[in-house]
Engineer: 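The structure's right below; bear with me while I get my questions together.
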Amino acid sequence: MKNKILHFFILLIFLTTTCVTVAFGAYGDSTGSKTFEDFDGKTIAVSTGSTFDTAAYESIKSPEIMYFNTIADQLEAITTGKADAMIIDEIMYYFMKKNGELENCEMIMGSPGFMKYAFFFSKDEGGAAIKAEIDDFIQEIRTDGRLDKILKHWINGEEYDLDIPYPDELTGENGTYTVATSSAYPPFNYMEDGEIVGYEADIIRLYAKEKGYKLEYYDMTYDATLVGVASGKYDIGASSSVITEERLKSMNYSDVVYAASYCLVYADDSALATANMSDANGLKKGFYRTFIEDSRWKLFADGVGSTVLITVLSLIFGTIIGFLVYLACRRGNKIANIITKSAIWLIQGLPMVVLIMILFYIVFGNTDFAGIWVAVVGFTITFAASVFQMIEGGVKTVDTGQSEAAYTVGYSELQTFFKIILPQAAQHFIVSFRTEAVFHLKATAIVGYIAVRDITKVSDVVRSITYEPFFSLIATAVIYIILGALLSASIKGIQVKIDPLKRKREAYLKGVKR
């Protein structure tokens, strides 16, 4: 039965994606060989938090910068005409070129050695100690030639005889280090068979093997890795980070592991991502690479699990907390009301992404509290604030005569509230409750900022591997639509159950003195 459901779901995604991609088609502008001057005043795609925008301003007059979270999104922007060019570094360019991702794209090389990559650490004593040990290790493998072997393996595909362990193969007799990384930047760090691999990943895993450490990887957006390491949340930053004077003020960097030039990459009129998706073979290839190759459908399944877990727990706990707080405030307790209204004002005044980042990096910054549980906490308190206001508004819609009539027939104050007032109020706020619940489901798409691999984060990861956005994005949309419909239907079922008009007379009079 489970296999039939899975096959039906995959077929649904395939058919939906096919219809959308055929409908959109392809477009673009014809380009030939160009220079940096040809892009003066043009739109340039760069990675958020990177130094690629600095490179753009160095080489181009008055560029209009567009920021993206992944290289895959940058490539999609230039091959669909949303941006005129993108800036990456030469190691990324040659890796993508070797794998056929930049077919019919052209490149202009920028300043040699402009990008100096290294691992990064917090500026406290612990970070300084790790930096010193890793610096010694980098010098060791540079001298004995292992660093060069790793580099040639990831750039040129040359085989090497190094025994690089997977994270679960590390012994950890000398402790565990947490590693902040971003799997959206191959070949430095990217996802393969569910594991982080790449140039920097090889170096740090070889280091951990020889020094007796275990590694715990946390995959997030690039800019989040910088914040996480600088705050001390993680021990090591390994996310293709470039050393800058500004970053050195808040973080320590290791010795340079690679120095690269930056590249301006632009598409000619045949380098259109959608063109590859406009025929049956292109659709099959895209579907295969997105879901079947390396069993990437399992990543989506895991992402669904994370999204559902965060949503369900936050709705349950948020409803309970919001209801209990309302009970504490409903009789006019001034202190309880002041504290509650102030908390709601503060919670609802913050963007959700800011709230969960404050919780993750500051409130729980020095703890081992996992990102998924921080997300549950953040969405719980936000939903609790909404539930409080919904109940408060719903109760006000019930005529005071209802209470007076209930007291007349022998109801106590609590019985009146739970048997007469609340059921009627619920019919007024349940629609808002359902809408807010579905909104919270969709809002969980931001949890990738705190290293949670939800549906949206999985979509980013898969796009960064395949450079084919259509299937992963439309699959993500289909999944959210299905989950939202299921959640809405479930709450609607509860609405019918609690409808006072459907309750029997005996249920109203139970417990009433007659």
Engineer: Please check if the distance between the ring centroids of Tyr185 and Tyr190 is under 6.0 Å.
Structural biologist: no
Engineer: Can you find a heavy atom in the side chain of Met109 that is under 4.5 Å from one in the side chain of Glu90?
Structural biologist: yes
Engineer: Holding to side chain to side chain contact (heavy atoms under 4.5 Å, CB included), I want the full list of residues that pass it with Lys442, two or more places apart in sequence or in another chain.
Structural biologist: Val438
Engineer: Regarding Thr380 and Ser314, is there a side-chain donor-to-acceptor distance under 3.5 Å anywhere?
Structural biologist: no
Engineer: Taking Glu210 first and then Arg146, would you say they form a salt bridge - that is, a charged N and a carboxylate O separated by under 4.0 Å?
Structural biologist: yes
Engineer: Just say parallel, tilted or perpendicular for the rings of Phe287 and Phe471, cut-offs at 30° and 60°.
Structural biologist: perpendicular
Engineer: Return yes when atom NZ of Lys123 has more than 12 non-hydrogen atoms of other residues, nucleotides or ligands closer than 6.0 Å, and no otherwise.
Structural biologist: yes
Engineer: Please determine if Asp73 and Arg463 form a salt bridge, counting it only when a charged side-chain N lies under 4.0 Å from a carboxylate O.
Structural biologist: yes
Engineer: Does a donor on one side chain sit under 3.5 Å from an acceptor on the other, for Tyr480 and Thr456?
Structural biologist: yes
Engineer: Side chains of Ser241 and Tyr253: do they bring a donor and an acceptor to under 3.5 Å?
Structural biologist: yes
Engineer: Determine whether Asp161 and Lys149 satisfy the following criterion, salt bridge (charged side-chain N to carboxylate O under 4.0 Å, His left out), listing intermediate values before the conclusion.
Structural biologist: CA-CA 9 Å; Asp161 55 359; Lys149 286 183 178 181; 3.2 Å; yes
Engineer: Distance alone, cut at 3.5 Å: any donor-acceptor contact between the side chains of Asp89 and Tyr258?
Structural biologist: no
Engineer: Hey, is Glu101 close enough to Arg289 for a salt bridge, meaning N to O under 4.0 Å?
Structural biologist: yes
Engineer: Using side chain to side chain contact (heavy atoms under 4.5 Å, CB included) as the criterion, list what pairs up with Thr54, not counting sequence neighbours.
Structural biologist: Phe114
Engineer: Could you measure the distance from the CD1 atom of Ile455 to the OG1 atom of Thr476? Nearest 0.5 Å is fine.
Structural biologist: 7.0 Å
Engineer: How are the rings of Phe95 and Trp154 set relative to one another: parallel (under 30°), tilted (30 to 60°) or perpendicular (over 60°)?
Structural biologist: tilted
Engineer: Just checking, any donor-acceptor pair under 3.5 angstrom between side chains of Asp223 and Tyr449?
Structural biologist: no
Engineer: Will you find, in the side chains of Glu216 and Tyr234, an N or O donor that is under 3.5 Å from an N or O acceptor?
Structural biologist: no
Engineer: Between Ser62 and Tyr57, does any side-chain donor sit less than 3.5 Å from a side-chain acceptor?
Structural biologist: no
Engineer: Check ring pair (Phe, Tyr, Trp, His ring centres under 6.0 Å) between Tyr93 and all other residues, then give those that pass, not counting sequence neighbours.
Structural biologist: none
Engineer: Among side-chain atoms of Thr221 and Asn69, is any donor-acceptor pair under 3.5 angstrom?
Structural biologist: no
Engineer: Any side-chain donor-acceptor pair under 3.5 Å between Glu200 and Tyr117?
Structural biologist: no
Engineer: Determine the interplanar angle of the Phe39 and Tyr266 rings, folded into 0 to 90°, and report it as parallel if under 30°, tilted if 30 to 60°, perpendicular if over 60°.
Structural biologist: tilted
Engineer: Under a 3.5 Å threshold, yes or no: a donor from one side chain and an acceptor from the other, between Asp235 and Thr178?
Structural biologist: yes
Engineer: Are Thr244 and Glu246 close enough that a side-chain donor and a side-chain acceptor fall under 3.5 Å?
Structural biologist: no
